[in-house]
Amino acid sequence: MSSTETYFLSFLEALNPTASHNARKMEELLYEDPASSIVKARLFAESILNDVFNQEKIEAPYVNSLFERIAFLTKEGYIEKDIQQAFDTIRRSGNKAAHDGSFNEITDAFKLHREMHRIGVWYYEVYSLEQLKVPLYETPKPPKENVEEIIKKQILEFLNVNKMNNLGVVLETPSIKGDTLPAYDEIEEEIIEKDLKEDQSYLIRELNRLKDSSQEAIENASKFSRFKDYLHVDRKIQIDFERILEEKASNPKGNLIFLCGSVGDGKSHLLAYVSKKKPQLINEYKIYNDATESFSPNKNAMETLEEALKGFSDQLYASNSENVILAINMGVLHNFIHSVHNTYSFERLKSFVNQSGLFSQNVTTEYSEGNLSLLSFGDYHPFELTEEGPISNFYSSLLKKICSSENQNPFYLAAKEDEKNNIYTIVHENYNYLKNEAVQKQIVYLIIKTIIKNKVVISARSFLNFVADILIPDQVMSRQLVSDFDLLKGSLPNLLFARKERSTLLNSMSQNDPIHIRSVYIDQLVIDFNTLDNWRDLVKEYVHDNISLKWMDPFLFDSDLTGYSFNQFFEAFIRIAYLSNQDFSQKLIDESYKKYMENLYSFNTKNPQKIKTFYEEIKSAIFDWRGSPKKDYIYLSTTESKFRFAQKMNLKPSIDHLKPNTQTVLESFKSTILLAYHGGDASKKIFLEIDYPLYQLISKVLNGYRPNKKDTEDAIRFVEFIDKLMAFGEKTNEMLIFYPNDNRFYTIKRDDFEGFVFEREF
């Protein structure tokens with residue numbers, strides 16, 4: 001490199017000549033002598049840190065080593081997370097180069113080159129009086145002279161220069177366009193089209209097809225691509241739908257089938273699948289896939305539905321010969337059957353829907369009466385209940401399809417094609433990590449927990465988009481050129497828990513991040529990492545997956561991380577262990593969630609003994625919430641005062657409304673718990689529906705927590721339920737007066753002559 005040529009940190013020459021000189025030498029030596037290049041990177045970092053101490057007039061006589069200086073500036077807030085990690089990357093690689101005579105890693109030198117640019121830009125922006133435009137980072141080019149051709153060739157092959165633009169800058173992600181994808185029946189001999197440029201990844205292209213932004217995400221009841229066919233997983237609602245269609249074949253005219261649900265629950269996919277795979281069942285039907293879309297701009301949703309269903313009106317029902325499948329939102333259907341219509345009346349349909357129990361507390365998966373049938377997506381869950389806990393054949397099967405090593409799997413074939421082309425990125429490592437069955441099982445567990453905890457619908461499309469989000473980071477680079485810290489940032493465990501801004505689902509998933517769990521096990525690990533010199537044995541004790549062990553390994557050379565660097569390493573360690581080590585994840589189990597799912601199973605199977613225990617817990621919570629001066633007495637108000645009134649209240653549980661499900665694995669069930677109490681007259685029951693958020697709050701109350709104003713607002717259903725239960729109390733016959741200051745009790749009660757007696761209790 002001649003003196004007239006610029007180099008990547010030439011803009012630092014006036015600000016820090018020493019650092020600038022070391023940066024120039026680092027770049028000159030990078031290809032020829034990587035180990036010496038890394039030493040120069042360390043000298044560069046030392047020069048920058050020395051000047052920061054001078055510029056900030058920091059007097060710290062006992063802070064001398066590079067490690068101590070980085071730690072000091074981090075602790076005092078002079079440098080942010082990414083800059084500390086850049087310094088730590090250079091420091092640790094410099095230690096290896098200085099102490100290991102055989103160390104000659106050109107890939108490490110490339111990583112440090114990028115980190116030096118990151119530090120240089122930060123340093124210039126903070127401390128330079130001039131504010132010139134700083135050039136964007138460029139990967140260093142091979143020297144044009146002074147390197148033997150054979151060495152150059154080996155380096156280029158190792159770094160895959162011939163496969164990546166600019167020696168590993170961001171890989172170009174192939175675009176996904178619906179009109180360029182092969183149709184279902186096209187190209188039978190190839191699962192994936194091999195039409196990409198040499199620097200493009202087939203795996204990334206195929207994974208991008210999982211995203212909401214891809215053409216594949218557009219559901220169309222009349223189209224079913226080869227890609228969707230591969231990912232299709234049979235579900236009970238599909239089997240029931242096909243059976244109903246087969247039964248209707250004997251009554252070929254005048255059939256109406258409602259597919260009731262909500263947005264994104266899979267109605268379009270179901271119709272597209274049956275249309276493609278079993279067209280003989282559905283060809284005779286007129287399909288309204290979005291019944292709220294008007295056929296005319298002059299008609300609203302109710303008028304549109306009246307037009308679509310006029311053949312099933314009270315006036316035309318007997319003469320109708322048209323077969324109709326209507327995919328409809330449950331709320332829209334409810335409004336339709338209770339609306340007053342212009343031309344036709346629909347009392348027969350209204351009676352049918354009411355008889356189905358669709359809008360009742362009962363489980364309604366399917367219901368048929370004559371030539372009318374209804375399927376409710378709301379009670380066909382994407383997971384199942386078992387005595388040991390919830391499972392999901394649906395989500396598990398989707399993950400297995402994506403990860404299976406089968407020649408029909410486009411993702412597997414794409415990864416193999418990339419392997420032949422020497423393309424290997426963090427996406428490929430994440431994909432291989434996802435193949436771990438323990439990881440898949442834990443992800444499914446978290447998905448189900450998110451559904452229960454946040455009351456969200458996670459459709460197949462949402463789940464597939466989620467899979468793409470936890471596999472593909474924002475920036476994709478060659479695996480060899482990613483720094484150790486950036487590798488942790490882009491790893492699947494981090495993308496799963498620390499990417500909440502990416503989507504609503506990932507935001508919910510971040511709430512289940514194990515690093516937020518208060519646990520003696522995690523506290524002990526923090527102590528161990530801060531006191532033990534040998535981290536390698538500790539990491540291997542908890543991390544058993546080979547892929548994630550490679551992510552951890554660079555940090556086990558010397559155990560000297562602090563600040564942001566230590567936090568990122570430790571958070572990654574906890575997340576990795578939580579996902580891939582079942583024994584460890586069981587130690588961090590959410591007990592309130594576990595108990596809720598056990599009770600949910602017990603109520604759906606009507607297990608009297610376990611239901612009894614649950615009723616007793618809720619009864620205790622009712623008295624604890626309102627306050628109780630003594631057993632079986634509850635305060636009439638929650639307001640604190642010099643004295644308080646309480647009444648005796650005897651609650652009787654009722655389970656008459658429960659219908660037992662005798663199956664071992666429950667596919668159809670209510671995802672909330674419905675309980676009822678009465679005061680002695682079973683005809684006057686008061687019901688309460690308990691979802692997980694309410695149960696979680698009730699569990700806290702049982703453990704001594706006192707609800708605040710926000711809790712009362714969030715649990716308004718529970719508060720109103722208690723208010724209704726107060727009518728079962730005996731305040732008309734007896735009341736208790738409690739003086740909390742001196743713990744005195746008085747009673748007011750009726751005597752045998754309908755008078756009142758006031759006396760003190762001892």
Side-chain angles (χ1 to χ4, degrees), residues 8-9 23 26-27 30 34-35 37-42 44-45 48-49 66-67 70 74 79-97 100 103-123 136-140 158-160 164 166-171 424-430 433 472-495 498 547-573 575-576:
F8 76 124
L9 292 179
M26 187 275 178
E27 192 168 68
L30 194 150
S37 178
I38 290 173
V39 172
K40 291 297 182 183
R42 183 185 174 94
F44 163 83
I48 295 292
L49 289 171
L66 188 60
F67 168 77
I70 296 170
T74 302
I79 57 179
E80 297 297 328
K81 179 178 180 179
D82 59 333
I83 302 303
Q84 186 206 354
Q85 291 174 355
F87 275 119
D88 274 336
T89 299
I90 294 173
R91 175 182 62 81
R92 293 167 66 81
S93 293
N95 288 343
K96 289 182 183 179
D100 187 350
F103 181 77
N104 191 34
E105 284 288 353
I106 192 170
T107 54
D108 275 41
F110 266 87
K111 295 174 187 176
L112 266 53
H113 189 271
R114 182 181 293 274
E115 298 304 315
M116 288 170 67
H117 184 267
R118 182 179 295 177
I119 291 172
V121 171
W122 163 79
Y123 175 62
L136 297 175
Y137 178 75
E138 291 186 8
T139 308
F158 182 71
L159 289 173
N160 201 18
M164 292 185 295
N166 253 345
L167 280 175
V169 295
V170 178
L171 284 171
Y424 191 67
T425 69
I426 182 59
V427 177
H428 295 77
E429 290 208 343
N430 284 338
Y433 180 69
I472 308 173
D474 292 330
Q475 192 176 56
V476 180
M477 295 173 58
S478 169
R479 170 66 177 84
Q480 289 88 348
L481 301 181
V482 180
S483 74
D484 299 331
F485 288 107
D486 284 341
L487 184 62
L488 291 183
K489 291 178 187 176
S491 66
L492 186 151
N494 186 72
L495 297 180
I547 297 292
S548 49
L549 274 174
K550 287 198 300 182
W551 298 338
M552 296 276 99
D553 190 67
F555 301 95
L556 308 181
F557 172 73
D558 49 10
S559 310
D560 57 358
L561 296 176
T562 62
Y564 301 120
S565 296
F566 175 79
N567 290 342
Q568 182 166 344
F569 165 79
F570 185 73
E571 288 173 3
F573 167 77
R575 290 164 177 165
I576 289 169

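Being a predicted model, the structure only gives us computed values, none of them experimental.
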Are the side chains of [Y] and [X] in contact, using a 4.5 Å heavy-atom criterion?
| X | Y | value |
| --- | --- | --- |
| Phe573 | Phe555 | no |
| Phe110 | Pro140 | yes |
| Ser565 | Phe485 | yes |
| Ile119 | Ile90 | yes |
| Tyr564 | Ile79 | no |
| Tyr137 | Arg118 | no |
| Gln475 | Asp486 | no |
| Asp484 | Leu488 | no |

Nearest heavy atoms of [X] and [Y], plus distance in Å:
| X | Y | result |
| --- | --- | --- |
| Ile70 | Gln84 | CG2-CG, 3.7 Å |
| Leu112 | Ala41 | CD2-CB, 3.8 Å |
| Ser93 | Ile38 | O-CG2, 3.4 Å |
| Ile576 | Pro493 | CG1-CG, 3.6 Å |

[Y] backbone acceptor or donor facing [X] side chain under 3.5 Å:
| X | Y | result |
| --- | --- | --- |
| Asn430 | Gly490 | yes |
| Arg92 | Pro554 | yes |
| Glu27 | Leu9 | no |
| His428 | Thr425 | yes |
| Glu115 | Ser483 | no |

[atom1]/[X] to [atom2]/[Y] distance, rounded to the nearest 0.5 angstrom?
| X | Y | atom1 | atom2 | result |
| --- | --- | --- | --- | --- |
| Ile426 | Tyr433 | CD1 | OH | 11.0 Å |
| His113 | Leu30 | NE2 | CG | 6.5 Å |
| Ile48 | Tyr123 | CD1 | OH | 5.0 Å |
| Met116 | Ser37 | CE | OG | 7.5 Å |
| Leu66 | Arg91 | CG | CZ | 6.5 Å |
| Arg575 | Leu492 | CZ | CG | 11.5 Å |

Check: Does the distance from a Lys or Arg side-chain N to an Asp or Glu carboxylate O, for Lys489 and Asp82, drop under 4.0 Å?
Finding: no
Notebook entry, point to check: After noting the C-alpha distance and the side-chain angles of Phe570 and Leu561, does the key distance pass the side chain to side chain contact (heavy atoms under 4.5 Å, CB included) rule?
Noted result: CA-CA 10 Å; Phe570 185 73; Leu561 296 176; over 6 Å; no
Margin query: Can you confirm whether the side chains of Trp122 and Glu80 place a donor and an acceptor under 3.5 Å from each other?
Written below: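 Side-chain D/A pair, Trp122 to Glu80: absent.
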